[in-house]
Amino acid sequence: MLTYKNIIKTLNEQEDEILVKIHNKYCEERNKMYLYIYNNTPDNVEMLLPEQRYDCLLEGQYIRDTYFQSDKWVQMDEQGHIISENEAKGTLLFLSDLAVWLQTFKFKDIKELKSYIKRYKEER
């Protein structure tokens, strides 16, 4: 069975796009949709905004320093505020969480883990 250290090393070699897909699958499987990461598009940001206009105004005051339209990724923080980042690894997702989750799959070797990761590379 693969060690935690080997899983972390393999994950660390992956691009953000792949890690976000794996992270989002982790969120779905673990019922942690509040951690889901989205592409930073107007539609996704609008979906994350509160429904009430006054609450949107308050949210706008908060995200002034945490959201940038030019960033690649967007997510809700622990308080339910929108945050954005250009790099997901180490900011919006953490390899340690993914590695612990992937250990439950009991991959025999690196080749088997990489085969699992390859599925996410082929997704559009």
Side-chain angles (χ1 to χ4, degrees):
M1 188 169 90
L2 270 182
T3 65
Y4 173 87
K5 185 178 177 179
N6 286 333
I7 294 173
I8 288 284
K9 182 178 182 290
T10 303
L11 288 174
N12 211 21
E13 297 168 354
Q14 306 307 311
E15 296 177 13
D16 264 4
E17 286 77 10
I18 305 308
L19 293 173
V20 167
K21 288 178 184 179
I22 294 169
H23 168 84
N24 286 345
K25 182 65 174 174
Y26 160 79
C27 291
E28 292 167 6
E29 296 283 323
R30 297 293 180 157
N31 197 24
K32 295 185 177 209
M33 294 305 291
Y34 57 92
L35 295 174
Y36 208 86
I37 299 171
Y38 302 89
N39 285 315
N40 188 3
T41 65
D43 288 340
N44 286 337
V45 171
E46 187 174 333
M47 175 190 62
L48 295 173
L49 284 171
E51 290 182 24
Q52 300 298 319
R53 288 174 26 187
Y54 180 73
D55 292 337
C56 284
L57 172 70
L58 297 176
E59 180 68 13
Q61 290 175 331
Y62 175 79
I63 66 173
R64 177 179 59 220
D65 296 327
T66 63
Y67 173 78
F68 298 95
Q69 199 172 9
S70 59
D71 283 345
K72 183 170 177 118
W73 306 108
V74 67
Q75 180 185 54
M76 300 293 280
D77 70 8
E78 299 84 18
Q79 289 80 36
H81 300 294
I82 297 171
I83 56 174
S84 65
E85 292 286 346
N86 268 326
E87 294 183 24
K89 189 184 339 180
T91 56
L92 303 177
L93 65 83
F94 298 94
L95 298 184
S96 58
D97 293 338
L98 297 181
V100 169
W101 175 62
L102 289 171
Q103 277 186 306
T104 66
F105 289 71
K106 301 188 186 318
F107 296 112
K108 294 178 200 145
D109 53 33
I110 296 284
K111 184 178 177 182
E112 196 173 307
L113 173 61
K114 286 185 176 181
S115 175
Y116 176 81
I117 290 170
K118 185 178 178 189
R119 295 187 315 173
Y120 293 96
K121 288 182 180 179
E122 294 169 354
E123 270 183 21
R124 292 279 173 222

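Along the sequence shown, residues carry numbers from 1. Quick caveat: nothing in here was measured; it's all calculated off a predicted structure. Side chains included, hydrogens not; waters and symmetry mates left out as well; all remaining heavy atoms used.
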Original post:
Would you say Q69 has more than 12 foreign heavy atoms packed within less than 6.0 Å of its CD?
Top reply: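 Open.
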Original post:
When you check the gap from the basic side-chain N to the acidic O, do E17 and K21 get nearer than 4.0 Å?
Top reply: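 No, no charged N to carboxylate O under 4.0 Å.
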Original post:
For the hydrophobic clusters of this structure (ILVMFWY residues joined by side-chain heavy atoms under 4.5 Å, transitively), does one cluster hold both F94 and Y120?
Top reply: no
**OP:** Please determine which of L48, I83, I37, L92 meets the side-chain contact (heavy atoms from CB on, under 4.5 Å) test together with V74.
**Re:** L48
Would you say the side chain of [Y] lies within less than 4.5 Å of the side chain of [X], judging by non-hydrogen atoms?
{"X": "K121", "Y": "Q14", "answer": "yes"}
{"X": "W73", "Y": "N86", "answer": "no"}
{"X": "T66", "Y": "D77", "answer": "no"}

**OP:** Give me the ring orientation class for Y116 and F105: parallel if the planes are under 30° apart, tilted from 30 to 60°, perpendicular past 60°.
**Re:** tilted
Original post:
Which other residues end up in the same hydrophobic cluster as Y34, if Ile, Leu, Val, Met, Phe, Trp and Tyr are linked when side-chain heavy atoms come under 4.5 Å apart?
Top reply: L35
**OP:** Determine which pairs satisfy salt bridge (charged side-chain N to carboxylate O under 4.0 Å, His left out) with at least one residue from residues 22-31, sequence neighbours left out, and list them in order.
**Re:**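 Counting only pairs at least two positions apart or across chains, the salt bridge (charged side-chain N to carboxylate O under 4.0 Å, His left out) contacts touching residues 22-31 are K25-E29.
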For [X] versus [Y], what's the shortest heavy-atom pair and its separation?
{"X": "E87", "Y": "D16", "result": "CA-OD2, 3.1 Å"}
{"X": "L2", "Y": "N6", "result": "CD2-CB, 3.8 Å"}
{"X": "N40", "Y": "V45", "result": "OD1-CG2, 3.3 Å"}
{"X": "D71", "Y": "S84", "result": "OD2-OG, 2.7 Å"}
{"X": "A99", "Y": "L11", "result": "N-CD1, 3.9 Å"}
{"X": "Y38", "Y": "M47", "result": "CE2-CE, 3.4 Å"}

**OP:** Take L19 and L95, measure what side chain to side chain contact (heavy atoms under 4.5 Å, CB included) needs, and give me the verdict at the end.
**Re:** CA-CA 8 Å; L19 293 173; L95 298 184; 3.9 Å; yes
